[in-house]
Every structure is written in C-alpha cells, then in structure tokens.
Trainee: 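Provided herewith is a single structure, encoded as structure tokens, for subsequent inquiry.
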Amino acid sequence: MDSLKQMAKEYSVLENVDRSSFQRSARLLQSIWRVEHEYEMGQVSNKNGPRPIGSRLPMPWAQEKLKNYLTENIRNVVRSEVLDPVKSKGKLYGKPRIFNDLLSSQPLCFNLFGELSQDLQLATSIMQNLTAGKVETVTRIEFEWSPGQGDPIYTGDRSAFDVYVEFLTPANTKGFFGIEVKYHENLIGKASTTTDRHYQISGQMDCFDEAFLKDLE
C-alpha cells in the first residue's frame, strides 16, 4: 500500500469512490482538519448499513453548530441563506451534505464568498484585482441564484449559479459573474438535459465554434 493510501486508511477515508490522487488527497486533508479540531466522525450509509467516515461530521450536531464553516460571520450567512425557510425557498441546497460533508462544494461556496458577501468593499477590492480593473464596485453577492430562473428569455429552466456576483463597471454599466464551484466531484454522473433553447443561446452568443455544439449533448 502506497503512503497516500496508508494515510487515508489511518484517517478513515480510504474510499473506493475516489478515482484520482487529488480526490483521495482532498478527502484525507479534510479528515486531518477534522481531527485537528477534535470533531467527531460522521457516517456514510451503504447496503450494509451506516459506518463511520473521516470526511464527514456527525448529524444533527453538524447542522446545529455549523462547524463545516470557517468563521462565525460565514455561519451567520448560512443561517440566513440556508436555514431561513423564506430566503432558501426554491433554492437547491443539498441537505444534509451542506452541513456534514466536508467535501461538498456548497459549503465551499460559503467559505469562499461568505465573508465577502458581508464586506462588499473587500469584495470590490478583490474583484478589481482579479479582473484588471473591469469591476468598479461590487453591489451584491448571492448564493444559489440567477437573475432569471424559469424565464424563457434566458434558459427557461430553474438552474442557478452557485455564486452570483453583481457589479458596476467603470463606465457605470451593470455586470455580473456567475460562478460554478466544484471540489471533490468526479463529474461521472448523468449530465443535465440539453434543450433547443441551449443551442439557440449558444448560437446567439457568437463566441462558440458551431462545429462543437454537439458536444453539449
């Protein structure tokens, strides 16, 4: 057994579903982080019943304490965005994964952007730096949101961005970044259905090589 597998076994994260060294390393690092913070292990269920796994936190403790999130500011954002039934209505937050799975990309969204959503001045500074001045002012940050869900003018479906960053440009026009976050996902599951509207939008944007449109299928 190589050293990475040996460490994964020691930290209770030697999982056959990890198909790359990156996935195994990510799972291992999250378990190490959990141990260093002295958090108990959570469980995963399969055909043989539940068993402990190092890359999860125990429920319902994980939801009550929100220890999957790095700061109290971020936890407050999660309470507002995810636990508030009014604010979270219609949003596709995966529960309980968003609370107990240390490898879920949704908690990663909040850990990356939660503080920024509460400090738009800091968000503006960061986005200005990342975009070489194309952003003048960040005006808001939303989670699991898009500006036209279900509107046939756009895609006509209920898809949403993991993180939506709205801003003003130096010319005082509006703009936004739609951000999709992935972490440990292997992307081997069935993709969403492609509709005629997706093909129409791809052609209208005039920035894709039409020879590759079939790759959307």
Side-chain angles (χ1 to χ4, degrees), residues 66 68-95 97-98 104-183 185 187 191-217:
L66 298 179
N68 206 357
Y69 301 94
L70 299 179
T71 69
E72 193 58 30
N73 278 343
I74 296 171
R75 294 181 195 111
N76 286 333
V77 173
V78 174
R79 292 183 183 105
S80 173
E81 295 287 335
V82 180
L83 296 179
D84 185 324
V86 176
K87 189 70 181 289
S88 65
K89 185 178 180 180
K91 296 188 175 184
L92 301 178
Y93 292 122
K95 300 175 182 178
R97 295 183 71 247
I98 196 169
S104 173
S105 59
Q106 286 191 330
L108 179 58
C109 290
F110 285 97
N111 283 325
L112 285 172
F113 293 94
E115 290 280 357
L116 296 183
S117 71
Q118 303 302 295
D119 188 345
L120 296 183
Q121 184 175 352
L122 176 60
T124 294
S125 177
I126 290 173
M127 291 302 174
Q128 285 177 339
N129 185 56
L130 290 176
T131 63
K134 293 182 175 64
V135 171
E136 179 67 22
T137 306
V138 172
T139 53
R140 65 171 171 151
I141 295 176
E142 298 281 353
F143 298 91
E144 193 62 30
W145 192 87
S146 75
Q149 286 181 308
D151 192 331
I153 293 177
Y154 302 107
T155 59
D157 56 28
R158 298 296 300 172
S159 60
F161 300 117
D162 288 339
V163 182
Y164 171 87
V165 181
E166 190 174 86
F167 63 90
L168 294 175
T169 70
N172 203 37
T173 58
K174 292 183 178 180
F176 73 88
F177 300 117
I179 301 170
E180 182 73 17
V181 178
K182 297 299 179 190
Y183 180 25
E185 291 87 345
L187 303 181
S192 299
T193 303
T194 304
T195 67
D196 290 340
R197 181 58 180 150
H198 293 138
Y199 287 110
Q200 293 172 0
I201 294 171
S202 299
Q204 291 170 356
M205 292 183 68
D206 198 29
C207 62
F208 297 105
D209 187 335
E210 293 190 8
F212 292 95
L213 284 179
K214 288 188 176 180
D215 291 343
L216 292 173
E217 297 178 356

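Keep in mind that the numbers below use all heavy atoms, side chains included, and drop hydrogens, waters and symmetry copies. Computed from a predicted structure; not experimentally measured.
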Trainee: Please identify each residue that fulfils side chain to side chain donor-acceptor pair (under 3.5 Å) with Thr139, with sequence neighbours left out.
Mentor: Glu166
Trainee: Keeping Ser80 on the side-chain end and Asn76 on the backbone end, is there a donor-acceptor pair under 3.5 Å?
Mentor: no
Trainee: Going by the rule side chain to side chain donor-acceptor pair (under 3.5 Å), which residues pair with Glu115 if we only count those two or more places apart in sequence or in a different chain?
Mentor: Thr71, Asn73
Trainee: To the nearest 0.5 Å, what is the distance between CD (Gln106) and CG (Asn68)?
Mentor: 11.0 Å
Trainee: So do Leu168 and Lys174 actually touch side chain to side chain, heavy atoms under 4.5 Å?
Mentor: yes
Trainee: Hey, could you give me the OG/CZ distance between Ser105 and Arg97, rounded to the nearest 0.5 Å?
Mentor: 7.0 Å
Trainee: Does any non-hydrogen side-chain atom of Ile179 lie less than 4.5 Å from one of Asp162?
Mentor: no
Trainee: Which atom pair, heavy atoms only, marks the closest approach of Ser159 to Ser146?
Mentor: O-OG, 3.4 Å
Trainee: Could you tell me if the ring centre of Phe113 sits under 6.0 Å from that of Phe143?
Mentor: no
Trainee: Does Gln121 have any side chain to side chain contact (heavy atoms under 4.5 Å, CB included) partners at least two apart in sequence or in another chain, and if so, which?
Mentor: Asp119
Trainee: Which heavy atom of Lys95 sits nearest to which heavy atom of Val82, and what is that distance?
Mentor: NZ-O, 3.6 Å
Trainee: Out of curiosity, Cys109 SG to Tyr93 OH, how far, rounded to the nearest 0.5 Å?
Mentor: 9.0 Å
Trainee: Between Asn111 and Ile74, is there a donor-acceptor pair closer than 3.5 Å when you use the side chain of the first and the backbone of the second?
Mentor: no
Trainee: For Tyr69 and Ile98, run side-chain contact (heavy atoms from CB on, under 4.5 Å): C-alpha distance rounded to whole Å, both residues' side-chain angles, the deciding distance at 0.1 Å, then the answer.
Mentor: CA-CA 10 Å; Tyr69 301 94; Ile98 196 169; 3.1 Å; yes
Trainee: Is there a side-chain contact between Lys134 and Phe167, using heavy atoms and a 4.5 Å cut-off?
Mentor: no
Trainee: If we check side-chain contact (heavy atoms from CB on, under 4.5 Å) with Phe177, which of these qualifies: Thr131, Leu130, Val163?
Mentor: Thr131
Trainee: ring-ring contact (aromatic ring centres under 6.0 Å, His included) with Phe176: which residues, sequence neighbours excluded?
Mentor: Phe161, Tyr164
Trainee: Strictly distance-based, threshold 3.5 Å: is any side-chain N or O of Thr173 a donor or acceptor partner for the main-chain N or O of Thr169?
Mentor: no
Trainee: Quick one: side chain to side chain contact (heavy atoms under 4.5 Å, CB included) partners of Leu92, sequence neighbours excluded?
Mentor: Glu144
Trainee: Roughly how far apart are Leu120 CG and Ile141 CD1, rounded to 0.5 Å?
Mentor: 6.0 Å
Trainee: Once side chain to side chain contact (heavy atoms under 4.5 Å, CB included) is applied, do any residues pair with Thr124, and if so which ones, sequence neighbours excluded?
Mentor: Gln128, Thr137, Val138
